[in-house]
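What you see below is based on every heavy atom in this structure, not just the backbone, and it leaves out hydrogens, waters and symmetry mates.
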Amino acid sequence: MSMSKIQESVPLRSDSMRKGLSRAPARGLLRALGMNDGDLEKPMIAIANSFNTIVPGHMHLNRLVQEVKRGIEEAGGISYEFGVPGICDGIAMGLDGMRYSLPSREIVADGIEAMVEAHVADGWVGVTNCDKITPGMLMACGRVNIPSIMLTGGPMVPGVYKDRKLDVISIFEAVGELTAGKISENDFAEIEKRACPGPGSCSGLFTANTMACLTEALGLSISGCATSHAISEGKLDIARRTGALAVDLVRKGCKPRDLVTRESFENALRVDNAIGGSTNTCLHLIAIAKEFGVQLELDLFDKISRDTKHIVALKPGGEHFMIDLDRAGGIPAVLSRLSPKLRDTRTVEGRTILEIARSSPVKDQDVVRDLKNAYHEEGGIAVLRGNLAEEGCVVKQSAVVASMRKFEGPAKVFDSEKDATDSMLAGKIKTGDAVVVRYQGPKGAPGMPEMLGLTAILTGMGLGESVALVTDGRFSGGTRGLSIGHVSPEAYVGGALGAIRDKDIVRIDLDNREIEVLISQKEIRSRLKERRLPRIKVTGFLRRYRDMVGSASQGAVLEPQG
């Protein structure tokens, strides 16, 4: 079939905005943008650009957008661009601003829906990179359901100091190392200066890069996009091809829901577990799936984890970086290893996932291991349940040392991240303690902040392999150790975490997926009647978010009221 016939067979959505006598005012305004008669006949592709100059992962995106535009124009389309907000978790970490991070996912999705629908785009390209921006864009994909494709901006190259590769987590951990007297002030200063050498998402397998990998596994970005680095020439080529593919998808009438099914999400979950991705995916994939009309259960993460071997060990759960995964063949190489258990789903490229898998060699057998030589026999994520988490909680088990898979120790309870951090830095946390930080959930904080500072300081102080952390908040994808988050129901809505007291014994068993506090249900109920909620004043968007957000066990999505 010729291209002209394809164009004729699929009407352009934007014609409703550009065609006919009554649409002359709209055409006049489009002409003010420089469009001519020929342009008014072309597919209109919106570009959602999350460029800004405060987030390193996004500071280079304008350069990629220029290549996306080039690809669109070469394929016979015309583009318009609009901005999307982005928050840097690393900068906001430990501050009140961190409460805006997860809620910003909803702002991203809503903003794209508004811009794409109001201006009747035929299709759109999401140019994204960091933690909540990529999930927000993927939510918009499923919700708006017009032809669309994602371009993730690529990882940052690692920093180097004294022949050691560094990332932003190296700085967080250096705070604890300096506090414990393990490094000098000069070493600390050099680590800070060298760890983040330029543009891109943080260079380990943290949430941003995990979500880029899962976007590719879902079939919504070009093969190799997730691991192609921010400063690479290859990323520019991917950007150009992404723009051209956006036009092709419009001409074929190929929408995200035509491509992404429940089986696609199962593939993504398998990749997530095989690479040891961030626990934040338990929030994001559930939320994204809902926008695609797919219901994912938290227990599915655990079911697939038990049936998936951990074959890629990147920072923080291993010694490799994203640059090593890219050189080893990227996500296509991972798909190749997993192909016996993958479903044959469609992608934006026209090839199926299994076609990509079967044509993709593994270029480094240590970085992407054979299933017979896996790092762990189970995948990266475990879902625990018990009297502390009746709806479930999550842990990145691939980043937990074997000696901590069974744990029992006294609780030290805090109602704020700051109090817990101050206690750690003051040397009040000891080997064998279970640090509990509550009222940090979606409603309680509100906004469910990440607490990377706590885990990194513990690791830096040498306690990362002997202290447990339990919270109804979240942990960064850069977290390692026995760090259990997303405890549901959260303390703010009456979860058992609100009943726990100092010196109560907390028991955790990863193998049996159990977490409990060793007190009776009667005592838990009695204590919950006596609890006092911390008074946290919230206004504006966070107040509306607290009123509407649901449980972390169901993706922390906004729910209809009434």
Side-chain angles (χ1 to χ4, degrees), residues 266 269-270 272-274 276-283 286 296-311 313 317 341 371 374-413 431-438 455 464-475 479-491 495-497 499-500 503-524 551-554:
E266 290 176 359
L269 282 172
R270 197 168 294 282
D272 189 14
N273 275 289
S278 167
T279 52
N280 283 312
T281 59
C282 297
L283 296 170
I286 291 173
L296 290 186
E297 307 79 24
L298 185 60
D299 286 340
L300 182 62
F301 288 77
D302 196 70
K303 178 182 178 182
I304 290 179
S305 176
R306 289 182 181 273
D307 188 42
T308 304
K309 294 187 178 183
H310 178 217
I311 58 173
K341 293 191 174 183
L371 296 177
Y375 288 99
H376 299 100
E377 290 301 301
E378 290 186 350
I381 290 174
V383 177
L384 315 181
R385 292 183 185 271
N387 68 356
L388 267 182
E390 293 180 351
E391 293 178 11
C393 58
V394 299
V395 61
K396 184 190 280 194
Q397 64 171 343
S398 57
V400 179
V401 296
S403 61
M404 289 290 282
R405 291 189 66 83
K406 293 184 185 293
F407 171 91
E408 193 169 300
K412 289 194 174 176
V413 184
T431 293
D433 285 342
V435 176
V436 174
V437 189
R438 60 192 179 190
T455 58
E465 297 183 358
S466 61
V467 170
L469 283 169
V470 181
T471 182
D472 48 10
R474 300 183 294 126
F475 292 114
T479 291
R480 52 178 165 157
L482 188 56
S483 302
I484 296 170
H486 310 196
V487 171
S488 301
E490 61 176 292
L497 210 62
I500 197 168
K503 299 183 181 180
D504 287 342
I505 301 301
V506 175
R507 187 183 72 85
I508 300 165
D509 184 340
L510 298 191
D511 295 330
N512 292 306
R513 304 300 201 258
E514 296 172 347
I515 181 169
E516 62 179 346
V517 56
L518 301 184
I519 57 176
S520 68
Q521 286 298 114
K522 180 179 179 181
E523 179 67 14
I524 289 174
S551 171
S553 65
Q554 298 177 41

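With a 6.0 Å radius and a threshold of 12 heavy atoms from other residues, nucleotides or ligands, Lys303 has its NZ atom at or below the threshold. Atom CD of Glu465 has 12 or fewer heavy atoms from other residues, nucleotides or ligands within 6.0 Å.
A donor-acceptor pair under 3.5 Å is absent between the side-chain atoms of Thr308 and the main chain of Ala274, judged by distance alone. In this structure, Arg270 contributes its side chain and Asp307 its backbone to a donor-acceptor pair below 3.5 Å.
In this structure, Tyr375 and His310 have tilted ring planes: the angle between them lies in the 30° to 60° band.
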query = Can Leu469 and Thr479 be said to form a side-chain contact (heavy atoms from CB on, under 4.5 Å), step by step?
reply = CA-CA 11 Å; Leu469 283 169; Thr479 291; over 6 Å; no

request  = Would you sort out whether Leu388 and Val436 count as a side-chain contact (heavy atoms from CB on, under 4.5 Å), showing the intermediate values?
outcome  = CA-CA 11 Å; Leu388 267 182; Val436 174; over 6 Å; no

key: Chi angles and distances behind the side-chain contact (heavy atoms from CB on, under 4.5 Å) call for Ile381, Asp302   = CA-CA 7 Å; Ile381 290 174; Asp302 196 70; over 6 Å; no

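In terms of heavy atoms, Ala399 sits closest to Gly317 at CB-CA, 4.1 Å. The shortest non-hydrogen separation linking Phe301 to Ile286 is CE1-CG1, 3.8 Å. Closest approach of Gly432 to Val467, counting heavy atoms only: N-CG2, 4.3 Å. Across every non-hydrogen atom of Gly485 and Cys393, the tightest pair is O-CB, 3.3 Å. Minimum heavy-atom separation, Glu377 to Ala374: OE2-CB, 4.4 Å.
Here Arg306 pairs with Glu378 in a salt bridge; the nearest charged N to carboxylate O distance falls below 4.0 Å.
For Thr279, the side chain to side chain contact (heavy atoms under 4.5 Å, CB included) partners at least two apart in sequence or on another chain are Val394, Lys396, His486. By the side chain to side chain contact (heavy atoms under 4.5 Å, CB included) test, Ala491 pairs with Arg438, Tyr439, Asp472, Leu497, sequence neighbours left out.
With rounding to the nearest 0.5 angstrom, the OG atom of Ser278 is 8.0 Å from the CZ atom of Arg474. To the nearest 0.5 Å, the span separating CG on Leu298 from CG on Leu283 amounts to 9.0 Å. A distance of 15.0 Å separates CZ in Arg385 from CG in Asn512, rounded to the nearest 0.5 Å. Note that CG of Asp433 is 7.0 Å distant from CZ of Phe407, once rounded to the nearest 0.5 Å. Rounding to the nearest 0.5 angstrom, the gap separating the CG atom in Asp272 from the CD1 atom in Ile304 is 9.5 Å. Atoms CG and OG, from Leu269 and Ser305 in turn, are 10.0 Å apart once rounded to the nearest 0.5 Å.
Looking only at side-chain heavy atoms (C-beta outward), Ile524 and Val517 come within less than 4.5 Å of each other. Looking at heavy atoms from C-beta onward, Val383 lies out of side-chain contact with Arg513 at the 4.5 angstrom threshold. Under the 4.5 Å side-chain criterion, counting only non-hydrogen atoms from C-beta, Asp504 is not in contact with Pro410. A 4.5 Å side-chain heavy-atom check between Val470 and Ile508 finds at least one atom pair inside the cut-off.
The only option from Glu391, Glu297, Glu490 that meets the side chain to side chain donor-acceptor pair (under 3.5 Å) definition with Ser553 turns out to be Glu391.
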